[in-house]
Amino acid sequence: MFLKIKSPNFIDRLSFEINQTHNSLLKAVLKDDHGSVCSELQKELGFGQQSLDWDGLNELPYGVYTLEVSQGADEMKMRLVKRV
């Protein structure tokens with residue numbers, strides 16, 4: 001796995017730990033439990049980058065979300081919960 005979420009629960013931001021060995025483009029999509037896209041992030045990651053914060057998620061309603069992340073050919077999905 002090229003990326004790890006520090007916590008599956010969030011309030012206003014998601015924090016990632018990254019296993020980054022080369023420059024690449026990270027794409028992330030946050031979907032609600034109905035499958036609608038709520039937020040998107042595209043970030044160019046530099047060599048050796050170890051962390052990334054996705055800010056600005058405080059306007060999302062509380063509930064269950066699916067995070068879909070891709071970096072080149074690598075893809076992963078995670079279930080997350082926005083809490084109070």
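All values derive from a computational prediction rather than experimental measurement.
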Review point. Around K27, counting heavy atoms of other residues, nucleotides and ligands shown, do more than 12 lie under 6.0 Å from its NZ?
Key: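 Atom NZ in K27 is not packed in, count stays at 12 or less.
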Exercise for review: May I ask you to check whether over 12 heavy atoms, not counting those of Q50, lie within 6.0 Å of atom CD?
Suggested key: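 Check fails, neighbour count at 12 or below.
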Check your understanding: For S15 and D53, which heavy atoms make the closest approach, and how far apart are they?
Key ->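 Shortest heavy-atom separation between S15 and D53 comes out as OG-OD1, 2.7 Å.
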Working to the nearest 0.5 angstrom, can you tell me the gap between [X] [atom1] and [Y] [atom2]?
{"X": "L26", "Y": "Q71", "atom1": "CG", "atom2": "CD", "value": "6.0 Å"}
{"X": "I18", "Y": "K43", "atom1": "CD1", "atom2": "NZ", "value": "9.5 Å"}
{"X": "L30", "Y": "L60", "atom1": "CG", "atom2": "CG", "value": "6.0 Å"}
{"X": "E68", "Y": "M76", "atom1": "CD", "atom2": "CE", "value": "11.5 Å"}
{"X": "S39", "Y": "K31", "atom1": "OG", "atom2": "NZ", "value": "13.0 Å"}

Can you tell if the side chain of [X] reaches within under 4.5 Å of the side chain of [Y], non-hydrogen atoms only?
{"X": "L3", "Y": "L52", "answer": "no"}
{"X": "T66", "Y": "L80", "answer": "no"}
{"X": "S51", "Y": "F16", "answer": "no"}
{"X": "L67", "Y": "W54", "answer": "yes"}

Joint cluster assignment, [X] & [Y], ILVMFWY side-chain distance < 4.5 Å:
{"X": "L45", "Y": "L25", "result": "no"}
{"X": "Y65", "Y": "M78", "result": "yes"}
{"X": "L14", "Y": "V64", "result": "no"}

**Study point:** D32 (side chain) donor-acceptor with H34 (main chain) under 3.5 angstrom
**Key:**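 Pair found, side chain donor or acceptor close to backbone of H34.
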Check your understanding: Does E17 have any salt bridge (Lys or Arg N to Asp or Glu O under 4.0 Å) partners at least two apart in sequence or in another chain, and if so, which?
Key ->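 Checked E17 against salt bridge (Lys or Arg N to Asp or Glu O under 4.0 Å); matches are K4.
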Review point. K82: what forms a salt bridge (Lys or Arg N to Asp or Glu O under 4.0 Å) with it, not counting sequence neighbours?
Key: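 Per chain and number, K82 pairs via salt bridge (Lys or Arg N to Asp or Glu O under 4.0 Å) with no residue.
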Point to revise | By side-chain contact (heavy atoms from CB on, under 4.5 Å) - contacts of N9 (at least two apart) | key: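 If we apply the side-chain contact (heavy atoms from CB on, under 4.5 Å) test to N9, skipping adjacent residues, the hits are S7, V81, R83.
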**Study point:** Criterion side chain to side chain contact (heavy atoms under 4.5 Å, CB included) on I5 and F10, from CA distance to verdict
**Key:** CA-CA 10 Å; I5 298 286; F10 69 100; over 6 Å; no
Exercise for review: Could you go through the side chain to side chain contact (heavy atoms under 4.5 Å, CB included) check for D12 and D55 one step at a time?
Suggested key: CA-CA 6 Å; D12 61 349; D55 295 312; over 6 Å; no
